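Keep in mind it's a predicted model, so treat the numbers as computed, not measured.
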Amino acid sequence: MSTSLVTSYYLKAYDAYPFDLAEVEENLDYALAYDPEHQASLCLKSRYYLYDLNWIGQARELAERAVALDPQNPCAAAALLNCMIEARALNEALRFLDYINRKVPMPEMQKIAYMAYIMDLKMEFKLAINYYKRLILLSKSPEQKDRIEQFIDMLKQKRKLQAKQTAKSKVKR
């Protein structure tokens with residue numbers, strides 16, 4: 001098996017993603033045929049299945065294979081975490097994120113962004129806002145800070161709406 005051949009197929013798939021999905025599929029299939037344990041190919045194929053085909057189960061299987069090969073690989077960990085989040089297995093995602101915090105050398109900003117997003121999905125808007133505020137402190141560019149501020153503003157609106165709905169439900173009782 002030629003490592004350079006596997007890498008070549010992976011890079012062709014990576015270069016084509018997300019513009020030519022047929023080429024992505026073909027090149028990943030070749031890469032994984034030559035090396036079924038090529039982590040980068042497993043991660044990219046998981047992302048392709050998850051976001052482009054909405055095949056959450058198959059995407060998760062690929063991500064789990066990648067994590068099994070190297071439990072400390074940030075790419076594999078992110079792929080599996082993304083599958084959990086898309087499947088709305090949020091408590092499982094939080095437990096896995098705890099594992100990531102202890103064992104996976106993932107950038108701190110990425111871990112905090114995941115926490116903020118999960119808290120948003122769990123409708124824990126105050127916690128999500130606090131995580132986004134931590135992201136602002138770690139941000140390097142003004143554009144990044146502006147984008148995070150937009151998320152915070154959106155969450156504040158969601159929080160207000162949630163408070164109104166809670167108040168209405170109390171009045172009906």
Side-chain angles (χ1 to χ4, degrees), residues 1-122 124 127-128 131-132 134-136 138-141 143-144 147-148 150-151:
M1 150 187 54
S2 170
T3 304
S4 63
L5 186 59
V6 173
T7 301
S8 175
Y9 282 123
Y10 165 74
L11 290 174
K12 287 178 185 177
Y14 185 83
D15 190 46
Y17 187 81
F19 308 107
D20 187 348
L21 297 178
E23 185 175 338
V24 171
E25 177 86 25
E26 180 180 354
N27 283 298
L28 288 175
D29 285 347
Y30 283 132
L32 291 170
Y34 282 105
D35 182 2
E37 297 181 349
H38 190 254
Q39 274 193 311
S41 294
L42 289 168
C43 291
L44 182 56
K45 194 164 188 175
S46 175
R47 184 167 77 189
Y48 163 57
Y49 278 10
L50 184 64
Y51 295 117
D52 298 297
L53 300 178
N54 199 32
W55 294 352
I56 296 172
Q58 293 91 328
R60 183 172 176 148
E61 288 174 18
L62 292 165
E64 286 174 344
R65 279 178 47 199
V67 168
L69 292 169
D70 180 2
Q72 295 182 328
N73 181 294
C75 169
L80 183 53
L81 187 57
N82 289 334
C83 291
M84 292 173 182
I85 291 169
E86 287 300 311
R88 295 304 188 257
L90 301 179
N91 290 330
E92 182 182 22
L94 286 172
R95 286 190 301 275
F96 189 62
L97 193 52
D98 181 54
Y99 164 81
I100 290 171
N101 279 324
R102 290 181 283 111
K103 303 284 186 178
V104 179
M106 184 180 282
E108 189 67 19
M109 280 192 75
Q110 189 176 3
K111 292 186 269 190
I112 293 170
Y114 273 121
M115 278 300 294
Y117 184 55
I118 292 169
M119 289 301 116
D120 178 7
L121 293 174
K122 288 179 68 84
E124 297 285 346
L127 287 172
Y131 281 111
Y132 280 122
R134 282 181 58 195
L135 277 179
I136 288 175
L138 297 172
S139 295
K140 305 274 190 246
S141 71
E143 296 83 13
Q144 212 174 32
R147 180 106 167 105
I148 296 167
Q150 290 173 352
F151 280 115

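- Annotation: R147, atom CZ; neighbour count of heavy atoms from other residues, nucleotides and ligands within 6.0 Å does not exceed 12.
- Listed by chain and number, the residues in a ring pair (Phe, Tyr, Trp, His ring centres under 6.0 Å) with F96 are Y99 (sequence neighbours excluded).
- Of all heavy-atom pairs between L69 and E37, the closest is CD1-O, 3.3 Å.
- Here the CD1-CZ distance, from I112 to R134, works out to 4.0 Å after rounding to the nearest 0.5 Å.
- Distance check, rounded to the nearest 0.5 Å: CG of N27 to CG of L32 gives 11.0 Å.
- Residues forming a side-chain hydrogen bond (donor to acceptor under 3.5 Å, both in side chains) with R60 (at least two apart in sequence, or on another chain): E64, E92.
- Residues forming a side-chain hydrogen bond (donor to acceptor under 3.5 Å, both in side chains) with S41 (at least two apart in sequence, or on another chain): H38.
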Chi angles and distances behind the side-chain contact (heavy atoms from CB on, under 4.5 Å) call for S139, M109: CA-CA 8 Å; S139 295; M109 280 192 75; 4.0 Å; yes

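- Residues satisfying the side-chain contact (heavy atoms from CB on, under 4.5 Å) test with S141, not counting sequence neighbours, are E143, Q144.
- In this structure, Y131 has no ring pair (Phe, Tyr, Trp, His ring centres under 6.0 Å) partners at least two apart in sequence or on a different chain.
- A distance of 14.0 Å separates CG in L97 from OH in Y117, rounded to the nearest 0.5 Å.
- Residues M84 and R95 are not in side-chain contact: their nearest non-hydrogen atoms beyond the backbone lie 4.5 Å or more apart.
- The side-chain heavy atoms of N73 and V104, taken from C-beta on, include no pair separated by under 4.5 Å.
- One finds the CG atom of D98 at 10.5 Å from the NZ atom of K111 (value rounded to the nearest 0.5 Å).
- In terms of heavy atoms, Q39 sits closest to A76 at NE2-CB, 4.0 Å.
- Under the rule for a ring pair (Phe, Tyr, Trp, His ring centres under 6.0 Å), the partners of F151 that lie at least two apart in sequence or sit in another chain are Y132.
- You'll find the side chain of N82 stays beyond 4.5 Å of the side chain of R47, heavy atoms only.
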Cut-off 3.5 Å, no hydrogens considered: what does the side-chain donor-acceptor table look like for residues 10-25, sequence neighbours left out?
| residue | atom | partner | partner atom | Å |
| --- | --- | --- | --- | --- |
| Y17 | OH | D52 | OD2 | 2.5 |
| D20 | OD1 | E23 | N | 3.3 |
| E25 | OE1 | Y48 | OH | 3.1 |

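- The two residues E108 and L138 come nearest to each other via the heavy atoms CG-CD1, 4.2 Å.
- The shortest heavy-atom contact between A87 and I56 is CB-CG2, 3.8 Å.
- Under the side-chain hydrogen bond (donor to acceptor under 3.5 Å, both in side chains) criterion, D29 pairs with K45, not counting sequence neighbours.
- With sequence neighbours left out, the side-chain contact (heavy atoms from CB on, under 4.5 Å) criterion links Q110 to A78, M106, P107, Y114.
- The structure places CG of L80 at 7.5 Å from CD1 of I100, a figure rounded to the nearest 0.5 Å.
- Summarising the geometry of P105 relative to P74, their closest heavy-atom pair is O-CG, 3.6 Å, with the distance given to 0.1 Å.
- Residues that satisfy the ring pair (Phe, Tyr, Trp, His ring centres under 6.0 Å) test with Y9, not counting sequence neighbours, are Y30, Y34.
- Nearest heavy atom pair, residue V67 against residue A77, reads CG2-N, 4.0 Å.
- Partners of L94 according to the side-chain contact (heavy atoms from CB on, under 4.5 Å) rule, which considers only residues two or more places apart in sequence or in another chain, are N91, M115, I118, M119, K122.
- Rounded to the nearest 0.5 angstrom, L121 CG and L90 CG are separated by 5.5 Å.
- Evaluation of the side-chain hydrogen bond (donor to acceptor under 3.5 Å, both in side chains) rule for K103 yields no partner, not counting sequence neighbours.
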